[in-house]
Visitor: 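One structure follows; several queries about it will come next.
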Amino acid sequence: MSQTPPLFYTTDATQTPRHAIATRVLHAGLATAIVVQLGSSQFMNPDDGGDNIFRVHSYVGLAAFALVLAFWVQTLLRQRGTPLGMLIPWFNGQRLGAVWSDFKAHLSALTKRRLPVHDTHSPFASAIHGLGLLLVTAMAASGTLYYFVTTGDPDAGGLVKVAMTVHTTLANLVWIYLIGHAAMGLIAHYGGTLSLRQMWSLRKHPGA
């Protein structure tokens, strides 16, 4: 008599992480800035130049743009972590093939009521992370552009309108990515396939 396959695969969640301390610090700072941005956007009043929440949103947005730029620089310079080519595989046929194959492997595991084995070199997961990073970059860049070109009139046309339209549209997508990213991290953590300490610890050796 066959047994129902387990919901989770088990891997060593305390193994030495491949994320350098600089990557983890930037990740924590950027994640915090994004949460503050999305949260403050629900309460601010951009029509009121004296709105303190809007000011916080503006200044944290500038910090988020600096952090995301630093994240890209760190991605290019680091010797440990996901290579840039895996984050942006869309212009390489071989990498795209790997993403597609990995996606089918994930889908196959889910249809069998299992979580895929957490693989730090997963082409599909890396591509999703890359899309998220591009999304946050575009959102932070459009907000920064708005900050420097705005005339104080949120209904102004031209470049001001373009920047604000892009910024508000991307905000909805960032909400979706943030919720999905956090949910998958928690599921993997409590399923035993990943330890959140691998990314959120600011110690040099999180597993210690």
Side-chain angles (χ1 to χ4, degrees), residues 1-20 23-24 26-28 30-35 37-39 41-42 68 71-72 74-75 78 80-140 166 168-201 206-207:
M1 183 177 180
S2 61
Q3 295 182 342
T4 302
L7 177 60
F8 301 111
Y9 287 106
T10 301
T11 58
D12 183 4
T14 60
Q15 59 184 324
T16 302
R18 65 193 179 102
H19 298 293
T23 300
R24 282 179 270 135
L26 288 171
H27 176 268
L30 186 57
T32 301
I34 291 171
V35 170
Q37 287 299 87
L38 293 176
S41 68
Q42 306 303 304
V68 76
F71 205 105
W72 282 115
Q74 166 67 6
T75 300
R78 66 189 179 191
R80 184 157 49 107
T82 306
L84 182 63
M86 291 188 70
L87 291 172
I88 309 177
W90 315 111
F91 306 103
N92 183 288
Q94 185 176 2
R95 290 190 183 278
L96 276 176
V99 171
W100 176 242
S101 297
D102 195 34
F103 169 74
K104 291 190 291 185
H106 278 67
L107 189 60
S108 176
L110 292 175
T111 58
K112 297 175 182 176
R113 295 184 295 116
R114 298 179 179 180
L115 282 181
V117 175
H118 176 70
D119 181 4
T120 55
H121 300 286
S122 166
F124 176 62
S126 297
I128 295 299
H129 290 158
L131 286 175
L133 193 54
L134 287 171
L135 177 61
V136 170
T137 302
M139 181 180 173
V166 171
T168 53
T169 300
L170 293 179
N172 295 324
L173 297 177
V174 172
W175 268 113
I176 295 172
Y177 179 80
L178 177 66
I179 294 171
H181 186 66
M184 291 307 300
L186 290 172
I187 291 172
H189 178 78
Y190 289 106
T193 62
L194 170 70
S195 171
L196 291 179
R197 289 180 300 173
Q198 301 293 300
M199 178 56 81
W200 282 98
S201 174

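Computation of the quantities below employed the complete heavy-atom set of this structure, encompassing side-chain atoms and omitting hydrogens, waters and symmetry-equivalent molecules. Owing to the predicted nature of the structure, the values given are computational and were not obtained by experimental measurement.
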Visitor: What's the separation between atom CZ in Arg95 and atom CD1 in Ile88, rounded to the nearest 0.5 Å?
Guide: 10.5 Å

Visitor: Decide yes or no for Phe71 and His27: does some side-chain heavy atom of the first lie under 4.5 Å from some side-chain heavy atom of the second?
Guide: yes

Visitor: Work out which heavy atom in Leu26 is nearest to a heavy atom in Gln74; give both atom names and the distance.
Guide: CD1-CB, 3.7 Å

Visitor: Atom NE2 of His129 and atom OG1 of Thr75: how far apart are they, to the nearest 0.5 Å?
Guide: 12.0 Å

Visitor: Just wondering, do Trp72 and Leu134 contact through their side chains at under 4.5 Å, heavy atoms?
Guide: yes

Visitor: With a cut-off of 6.0 Å (strictly less than), are more than 12 heavy atoms of other residues, nucleotides or ligands near CD of Gln94?
Guide: no

Visitor: Mind listing the closest non-hydrogen atom pair of Leu96 and Pro89 along with its distance?
Guide: CG-O, 3.5 Å

Visitor: Nearest 0.5 Å, what's the CH2-CD1 distance between Trp175 and Ile179?
Guide: 6.0 Å

Visitor: Counting only heavy atoms from other residues, nucleotides and ligands, does the tally under 6.0 Å from CH2 of Trp90 exceed 12?
Guide: yes

Visitor: When rounded to the nearest 0.5 angstrom, what distance separates OG1 in Thr137 from CG in Leu30?
Guide: 8.0 Å

Visitor: Looking at Ala98, is its backbone amide N or carbonyl O close enough to the side chain of Ser101 to form a donor-acceptor pair, meaning the two atoms are under 3.5 Å apart?
Guide: no

Visitor: For Ser41 and Leu38, indicate whether the former's side chain and the latter's backbone hold a donor-acceptor pair under 3.5 Å.
Guide: yes

Visitor: Do side-chain atoms of Ser126 reach the backbone of Ser122 as a donor and acceptor pair under 3.5 angstrom?
Guide: yes

Visitor: On a heavy-atom basis, which atom in Ala125 and which in Asp102 lie closest, and how many Å separate them?
Guide: N-OD2, 4.2 Å

Visitor: Heavy-atom distance under 4.5 Å between the side chains of Tyr177 and Leu131, does that happen here?
Guide: no

